[in-house]
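These notes concern the structure reproduced below.
The chain is numbered in sequence order, starting from 1.
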Amino acid sequence: MSARSLVVSAPGRICLFGEHQDYLGLPVIAAAIDRRIWISGQRREDADFSIDLPDVGDHERFSLPGPVPYKKKRDYLRSGLNVLLRKGLALERGYSCRVHGTIPINSGTSSSSALVVAWVLFLLAAAQDERAADPMFVARCAHEAEVAEFREPGGMMDHVTASFGGVLHIEFAPQVRAESLPARLGRFVLGDSHEPKDTTGLLARVRGGSVTAMEALHRANAALSYHSVSLADIDRHEGMLTPEQTQLLRARIGVRDLTEQARLLLRQKEIDHRRLGALLTAHHRQLGEGLRISTPKIERMIAAALAAGAFGAKINGSGGGGCMFAYAPEHSEEVAEAITAAGGTPHLISVAQGARVEELIL
């Protein structure tokens, strides 16, 4: 028998270190934030799912037993159900659901991934499926539903972070593994630029350029990889690369090495918060100048946050718009005011728990 009523939630995330690394098999450091998506539902007597999404002015309706046909380009509610049905989900009755959240939409804080993670957990919990207790299974299913099902670019960072929660060092090769980092972090200020993002186009440019550059180096030296390539390797083979490829690879190395420095720092419970801030700002320079994923408005917001007392600041997520964030364990209100003056909308955020069942009535 499925649950009679159910409430689940999943968090958004910020990427502390490692943008554009997960799909290359390189590690990242991410943190779940206390902005969430909630899905509440009541079991129906029929096999229909009726889902209200008031935040985006939408409503979805489909029925078991499935598979259910897709109606739009990124049909995540239907794809989540289809993925789980292929994996043996046993659910005979539908639900009347409501989805709402506090994660800024289309801003680089993973509102879509949080939705899919929450939906996967909702369906598993509704069916009383024991796999609901496995955050990696939930993350893998959510990634399959959001990315693989629609042949989109992108890695698993968002789904793993939303599912596990906290501050995580996530490795992707030879397999996906999440390490919880014990550092106690202070407050962040998320700044929404309200600039629309072309995530797919930006991913294609950055990912495609990096892959072709590495393929060129690999032809010269088969031992080279994203994990091992150095600045000296690029200098030795610079004639094989275009200026664009050279710039991308140099930034890749910078981001990779800063991520490792941050991992060592965040493994400590008591950390040097100013050192963390300096690493974040250095990381942003690699993203903005090397990968070219920042915007003039984001740069103004970062400069304003630093001038107001933030320990560090950087763009968040795939880039090209969306959000930045500042690490402001002190003067967070002043930093928020500075971001507002620079044209952004600030949100005070903290590290949060991962996806969870809030209420379950059998």
(message) Show, in sequence, the C-alpha distance, side-chain angles and deciding distance for Gln128 and Ser2, and conclude whether the side-chain hydrogen bond (donor to acceptor under 3.5 Å, both in side chains) test is met.
(response) CA-CA 6 Å; Gln128 299 182 58; Ser2 57; over 6 Å; no
(message) According to salt bridge (Lys or Arg N to Asp or Glu O under 4.0 Å), does anything in residues 305-329 pair up with another residue at least two apart or in another chain? List the pairs.
(response) Glu19-Lys314
(request) Could you tell me whether the side chains of Thr345 and His194 share a donor-acceptor contact shorter than 3.5 Å? (result) yes
(message) Does this structure show an ion pair linking Glu149 with Arg78, if we count only N-O contacts that are shorter than 4.0 Å?
(response) no
Give every donor-acceptor pair under 3.5 Å between a side-chain atom in residues 273-280 and any protein atom, sequence neighbours left out.
from	atom 1	to	atom 2	distance (Å)
His273	ND1	Tyr327	OH	2.6
Arg275	NH2	Gln261	OE1	3.0

(request) Mind checking salt bridge (charged side-chain N to carboxylate O under 4.0 Å, His left out) for Arg74 and listing every partner two or more places apart, or none if nothing turns up? (result) Glu152
(request) Look at Arg61 together with Asp48 and state whether they make a salt bridge at an N to O cut-off of under 4.0 Å. (result) yes
(request) Taking only Lys NZ, Arg NE, NH1 and NH2, and the carboxylate oxygens of Asp or Glu, determine whether Arg86 and Glu144 approach each other closer than 4.0 Å. (result) yes
Side-chain donor-acceptor distances from residues 330-338 under 3.5 Å, at least two apart:
none

(message) Under the rule for side-chain hydrogen bond (donor to acceptor under 3.5 Å, both in side chains), what residues qualify as partners of Gln247, not counting sequence neighbours?
(response) none
(message) Could you check whether Arg250 pairs with Asp235 (Lys NZ or Arg NE/NH1/NH2 to Asp/Glu carboxylate O, under 4.0 Å)?
(response) yes
(message) Suppose the criterion is salt bridge (Lys or Arg N to Asp or Glu O under 4.0 Å): which pairs have a residue in residues 120-137, not counting sequence neighbours?
(response) Asp129-Arg131
(message) I'd like to know if the side chain of Arg4 and the backbone of Leu362 have a donor-acceptor N/O pair within less than 3.5 Å.
(response) yes
(request) Would you tell me whether Asp52 and His59 have side-chain atoms, one donor and one acceptor, within less than 3.5 Å of each other? (result) yes
For residues 161-176, which side-chain N or O atoms pair as donor and acceptor with protein atoms under 3.5 Å away, sequence neighbours left out?
from	atom 1	to	atom 2	distance (Å)
Thr161	OG1	Met157	O	2.8
Ser163	OG	Pro135	O	2.7

(message) Test of understanding: with salt bridge (charged side-chain N to carboxylate O under 4.0 Å, His left out), list the residues that count as partners of Arg98, not counting sequence neighbours.
(response) none
(message) Applying salt bridge (charged side-chain N to carboxylate O under 4.0 Å, His left out), can you list everything that pairs with Glu260, at least two apart in sequence or on another chain?
(response) Arg263
(message) Using the ring centroid of each side chain, check whether Trp38 and Phe122 are separated by less than 6.0 Å.
(response) no
Distance-only donor-acceptor pairs under 3.5 Å for side chains of residues 347-355, two or more places apart:
from	atom 1	to	atom 2	distance (Å)
His347	ND1	Arg35	NH1	3.4
Gln353	OE1	Arg356	NH1	2.5

(request) Check the pair Arg252, Ser210 against side-chain hydrogen bond (donor to acceptor under 3.5 Å, both in side chains), reporting the backbone distance first and the verdict last. (result) CA-CA 8 Å; Arg252 290 285 185 197; Ser210 301; 2.9 Å; yes
(request) Hey, could you give me each pair passing salt bridge (Lys or Arg N to Asp or Glu O under 4.0 Å) that has a residue in residues 279-291? Not counting sequence neighbours. (result) none
(request) Begin with the C-alpha distance, continue with both residues' side-chain angles, and end with the deciding distance and a verdict on side-chain hydrogen bond (donor to acceptor under 3.5 Å, both in side chains) for Thr212 and Gln245. (result) CA-CA 8 Å; Thr212 55; Gln245 290 172 334; 3.1 Å; yes
(message) Could you work out, with salt bridge (charged side-chain N to carboxylate O under 4.0 Å, His left out) as the rule, every residue matching Glu195, not counting sequence neighbours?
(response) none
